[in-house]
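To start, the structure under review is shown below, and the notes come after it.
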4 protein chains.
Amino acid sequence: MLKKLVSEGIITDPSSAKGRLIQAAARLFRDKGYERTTVRDLAAEVGILSGSLFHHFKNKERILRAVMEEAILLNTETMRAALAQALTPEDKVLALIKCELASILGDTGAAMTVLVFEWRSLNEDSQQHILGLRDIYETLWMDALKEAKEANLVVIDPFILRRLLTGALSWTVNWYEQDGKMDLDELARNALSLAVKSS
Amino acid sequence: MLKKLVSEGIITDPSSAKGRLIQAAARLFRDKGYERTTVRDLAAEVGILSGSLFHHFKNKERILRAVMEEAILLNTETMRAALAQALTPEDKVLALIKCELASILGDTGAAMTVLVFEWRSLNEDSQQHILGLRDIYETLWMDALKEAKEANLVVIDPFILRRLLTGALSWTVNWYEQDGKMDLDELARNALSLAVKSS
Amino acid sequence: MLKKLVSEGIITDPSSAKGRLIQAAARLFRDKGYERTTVRDLAAEVGILSGSLFHHFKNKERILRAVMEEAILLNTETMRAALAQALTPEDKVLALIKCELASILGDTGAAMTVLVFEWRSLNEDSQQHILGLRDIYETLWMDALKEAKEANLVVIDPFILRRLLTGALSWTVNWYEQDGKMDLDELARNALSLAVKSS
Amino acid sequence: MLKKLVSEGIITDPSSAKGRLIQAAARLFRDKGYERTTVRDLAAEVGILSGSLFHHFKNKERILRAVMEEAILLNTETMRAALAQALTPEDKVLALIKCELASILGDTGAAMTVLVFEWRSLNEDSQQHILGLRDIYETLWMDALKEAKEANLVVIDPFILRRLLTGALSWTVNWYEQDGKMDLDELARNALSLAVKSS
DNA sequence: GATGAATGAGCGTTCATTCAT
DNA sequence: AATGAATGAACGCTCATTCAT
């Protein structure tokens with residue numbers, strides 16, 4: 001998936017200087033916050049000097065934007081692929097929950113956390129840009145939840161449900177321990193049990 | 001409730017200079033972020049000069065800590081009072097949900113958002129201090145959820161449920177519109193429907 | 001001596017608030033430096049608040065000036081009294097050396113150190129004022145040294161000698177240990193051996 | 001000598017930005033004191049902006065340390081070279097006196113004054129560092145004075161003598177006028193006459 | 001593409017001093 | 001005399017960004 005998106009030029013090759021920078025930025029922005037992360041920190045992490053950053057990005061904010069953008073693009077494609085495998089409405093919702101949890105708790109976790117916590121540090125333009133990408137992603141969710149509602153698996157308004165779920169799932173970053181006694185699948189089923197009256 | 005806590009010296013009088021500063025800080029920290037809010041912004045908001053801030057707080061971080069501390073203290077007491085009125089386990093959970101939503105979406109909303117988003121900007125000492133207060137608050141929640149579990153209203157582990165709920169409820173700050181078509185009570189009932197198998 | 005000067009209104013009573021302030025200031029200015037000593041430090045040392053300092057002195061610099069002024073006045077009188085007891089030229093020089101060492105290493109040591117190290121922090125007016133007091137003090141020295149020169153006890157120009165001696169004696173504050181193996185009298189005799197060809 | 005030390009990387013090239021900064025700092029610290037000299041003063045003196053200082057030194061205190069360090073290193077080497085030319089014990093003491101006077105009253109005079117007057121403004125680490133360099137310098141003095149003592153040129157304990165001399169020589173900065181009627185050599189001979197019973 | 005010295009605005013904080021009480 | 005909140009200028013320092021090399 002990643003390889004395909006890289007070859008299509010949608011996502012930066014993570015082994016390139018720019019790609020490593022984006023990944024390092026995601027980690028640093030999550031760990032220290034965007035404001036507290038200096039361009040020198042960023043540059044040091046990939047072994048260049050701060051002035052050289054500006055050959056790759058026109059300013060610091062564009063690095064933040066790239067972190068967010070690439071995370072959404074990758075996760076949107078990952079979700080699309082997972083949905084293609086799911087048959088029933090319940091399966092689809094479970095697939096989405098698993099994908100979202102994987103994105104939050106797995107490789108793109110740093111970037112997803114940044115997406116939630118550093119939103120205010122984007123400028124107006126970038127917020128609109130990311131919002132556009134987010135819409136595509138959210139449409140996949142809404143389609144699945146509406147289908148579940150029609151199948152009477154969901155009792156409340158799908159819009160409200162999605163929003164409550166968004167919060168519940170994002171928050172896992174603050175407490176879920178990857179190597180604890182509960183694996184990701186079980187966590188997903190727990191979350192599913194809130195959302196749908198299982199058959 | 002607030003009046004009582006003020007008279008007991010637990011919470012700063014919101015009409016005093018210090019109290020107005022704490023409230024202005026909550027708003028500014030939420031809107032611009034802690035790092036992006038300057039002490040001059042803070043001072044201007046309450047009509048003093050920047051140097052005068054440091055008569056009330058020894059540094060900027062202590063203002064952040066005060067914002068968080070007073071919000072937790074007030075909401076803990078509010079929750080305790082609400083629980084005293086609730087009779088059944090389901091009533092108790094609903095009361096807690098209503099209280100938490102009110103704290104997030106009402107007068108202390110700015111402070112609660114700051115509590116979630118600016119945690120990293122506290123120093124180690126302050127984090128421990130706030131964590132201590134948070135424990136008291138969370139114990140009220142856990143007691144109610146465990147009771148609901150024993151009454152078979154809850155199917156999953158109460159710890160997991162609390163954490164999923166924490167996320168779902170905090171996130172409302174990002175989408176719920178106070179004057180929209182859904183009032184706070186209805187939102188609370190929607191959230192309750194995720195948590196418990198209503199009788 | 002001190003009692004007499006206090007009763008004549010020349011020196012502030014060291015048991016009064018103002019007097020204790022001057023003594024505390026001497027100590028703090030020596031230990032931390034004038035610039036690094038805050039008026040709050042000063043006030044705390046005598047148990048008042050910083051604003052109250054300004055009832056005793058119109059500003060911080062006047063405290064420094066008072067420290068220096070009172071030290072010189074006291075030591076000038078002490079020297080005059082000691083000279084009255086000395087008979088020979090050599091005795092007089094030794095008496096002056098002992099007095100100066102006592103002033104530097106004894107009770108007024110802090111103030112004397114401040115006099116040397118914080119001179120630059122006085123304003124122009126105060127420098128002139130202290131210089132005037134210093135002249136009286138220095139005249140006592142020059143008279144004695146000239147007498148010694150005439151008695152062939154001294155080989156070099158008395159002006160030069162006084163200046164070299166001033167440095168040698170002030171510097172003792174940086175190395176002489178009151179409770180070490182050499183007492184003040186022996187130190188004085190060592191210093192005298194530099195200055196005069198003893199009979 | 002200076003050229004050699006520069007080429008060995010022991011002393012900063014005085015024509016470089018950093019080197020000019022160190023020299024300007026020595027002058028300003030002597031004239032206004034370390035505390036009263038602002039980083040903006042320092043920067044203005046070498047024609048850069050205040051922020052640029054911190055490319056050369058990590059903080060203001062490191063500038064003070066560099067001023068002191070380079071002065072000691074240069075003067076230690078100068079003294080070593082002068083000692084190599086001196087034959088008799090008396091010659092050696094005279095050579096040291098001349099060197100020390102030259103260092104105090106000549107090009108490194110500002111730095112030497114700073115070394116005496118701003119010692120307290122160094123942090124603990126820097127004090128230890130400079131103390132180490134000072135020890136090397138003082139060993140040259142002590143060796144020469146002990147030799148003079150063995151040759152019966154000196155009557156008092158060499159340690160005491162060195163300390164009295166240190167004070168006498170440092171103090172010259174406060175009164176000696178370069179272009180007055182007494183040249184440096186004569187001043188040195190006057191000082192020598194205090195220290196040794198000339199043959 | 002990379003360097004690193006320089007920029008310059010802006011930051012949190014300090015502190016002598018004032019003044020109404 | 002003493003208080004203590006408030007002042008406001010000044011401080012040391014940071015840091016995203018630029019640009020000649």
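So you know, we letter chains A, B, ... as the sequences are listed, proteins then strands, and number each from 1. Since the structure is predicted, the reported quantities are computational estimates derived from the model, not experimental observations. Side-chain atoms are counted along with the backbone in the values below, which use heavy atoms only and exclude waters and symmetry mates.
With F:dT7, F:dG12, E:dT13 as the candidates, the nucleotide lying closest to the side chain of B:Ile48 is F:dT7. Considering only side-chain atoms of B:Phe54, the nucleotide from E:dG12, F:dA6, F:dA16 that sits closest is E:dG12. Taking every side-chain heavy atom of D:Leu49 into account, E:dG8 is the closest of F:dG12, F:dA16, E:dG8.
What separates CG of D:Leu64 from P of F:dC13 is a distance of 12 Å, to the nearest Å. The nearest whole Å value for the distance from the CG atom in A:Leu21 to the P atom in E:dA2 is 11 Å.
With respect to the salt-bridge test (charged N to carboxylate O, under 4.0 angstrom), the residues C:Glu118 and D:Arg120 qualify.
Ring geometry for D:Tyr34 versus D:Phe29: interplanar angle over 60°, hence perpendicular rather than tilted (30 to 60°).
Here A:Thr37 lies in heavy-atom contact (under 4.0 Å) with sugar-phosphate atoms only.
For the pair D:Ser52 and E:dT7, the criterion of a side-chain N or O lying under 4.0 Å from OP1 or OP2 is met. Close to F:dC15, at under 4.0 Å from its OP1 or OP2, lies no side-chain N or O of A:Thr38.
One N or O donor and one acceptor, one from the side chain of A:His55 and one from the base of E:dA2, sit under 3.5 Å apart.
Of the candidates D:Arg20, D:Lys18, D:His56, D:Val46 forms a side-chain contact (heavy atoms from CB on, under 4.5 Å) with just one, namely D:Arg20.
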